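Structure, as structure tokens:
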Amino acid sequence: ETGVTQSPTHLIKTRGQQVTLRCSSQSGHNTVSWYQQALGQGPQFIFQYYREEENGRGNFPPRFSGLQFPNYSSELNVNALELDDSALYLCASSQPGQGSEQYFGPGTRLTVT
Amino acid sequence: EDQVTQSPEALRLQEGESSSLNCSYTVSGLRGLFWYRQDPGKGPEFLFTLYSAGEEKEKERLKATLTKKESFLHITAPKPEDSATYLCAVQAGDTNAGKSTFGDGTTLTVKP
């Protein structure tokens, strides 16, 4: 069974730039969620994708957008980067439906300077 | 709005010294409460799911319990390798499908 993978591991960007983060879901999982985790805090829900459609969104501005592909992999895009976007970005895959546990990837550490 | 509060923020134990971590939650229609373990610089690792008050789950030295307002993660005779941040999360029966609301975690340090 293949676990959740994310790329890249680390990334340094300049304020105002755009970034794309990638995630491959665990084998057999068709739902992908993205979270932002600031240092010392719990993960904050950004959005979830199911069957290539956004299926729920947290309190993040529209410059955070995503995609899901037919093979269930996913991308997180962030435009017009701000210093506060510096965080660990986590991807989690799960079975569809509420009450399903999520399996997380190792994360992408984004630093905005 | 769903809320999860974990306490204490940090806990230092001697090897073999049992203790409990607390997770208090406010949610409209609980669909599931989850415990995760997170090591520094890594993604959270799933431990347990609890669905209804009175439910208990066990795994090695860990036992999770659930009431209508809180959950406890009991650690029996911990070892240094149990050192990590333990996160609690809830999923609610609202329209934002699949959203998990996390607490800020309890960082556990077990000294040999």
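Source: prediction; values computed, not measured. Chain identifiers are assigned alphabetically (A, B, ...) following the order of the sequence lines, protein sequences preceding nucleic acid strands; residue numbering begins at 1 within each chain.
Remark: aromatic rings of B:F102 and A:F45 are distant, center separation not under 6.0 Å. Checked against a 6.0 Å centroid threshold, the rings of B:F46 and A:F104 do not count as neighbours.
Both A:V32 and A:L21 belong to a common hydrophobic cluster when Ile, Leu, Val, Met, Phe, Trp and Tyr are linked at side-chain heavy-atom distances under 4.5 angstrom. A:L67 and A:F47 fall into different hydrophobic clusters, where Ile, Leu, Val, Met, Phe, Trp and Tyr residues are linked whenever their side-chain heavy atoms come under 4.5 Å apart, directly or through other members. No continuous path of hydrophobic side-chain contacts links A:Y49 to A:V4 [ILVMFWY only; heavy atoms under 4.5 Å]. In this structure, B:Y25 is a member of the same hydrophobic cluster as B:Y86, with clusters built from ILVMFWY side-chain heavy atoms closer than 4.5 Å. A single hydrophobic cluster is not seen to contain both A:W34 and A:Y103; linkage of ILVMFWY side chains at heavy-atom distances under 4.5 Å, directly or through other members, places them apart.
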Step-by-step side chain to side chain contact (heavy atoms under 4.5 Å, CB included) determination, B:K99 to A:R57: CA-CA 8 Å; B:K99 170 187 175 183; A:R57 188 177 183 93; over 6 Å; no

B:Q91 and A:Q102: CA distance, side-chain angles, deciding distance, side chain to side chain contact (heavy atoms under 4.5 Å, CB included) verdict: CA-CA 11 Å; B:Q91 285 188 12; A:Q102 296 178 315; 4.3 Å; yes

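Considering every non-hydrogen atom in both B:P44 and A:L90, the closest pair reads CD-CD1, 3.8 Å.
Neither the backbone nor the side chain of A:Q6 comes within less than 4.5 Å of any heavy atom in chain B. Contact annotation for B:Y36: only side-chain heavy atoms (C-beta onward) come within less than 4.5 Å of a heavy atom of chain A.
For A:N59, the CG atom counts as loosely surrounded, since its 6.0 Å shell holds 12 or fewer non-hydrogen atoms of other residues, nucleotides or ligands. Heavy atoms of other residues, nucleotides or ligands lying less than 6.0 angstrom from OH of A:Y72 number 12 at most.
Atom-to-atom distance recorded for A:L88:CG and B:Q38:CD is 7.0 Å, nearest 0.5 angstrom. Atoms OG and CD, from B:S100 and A:E101 in turn, are 10.5 Å apart once rounded to the nearest 0.5 Å.
Highest contact tally toward chain B, considering only A:G107, A:A92, A:P43, is held by A:P43 [criterion: heavy-atom pairs under 4.5 Å].
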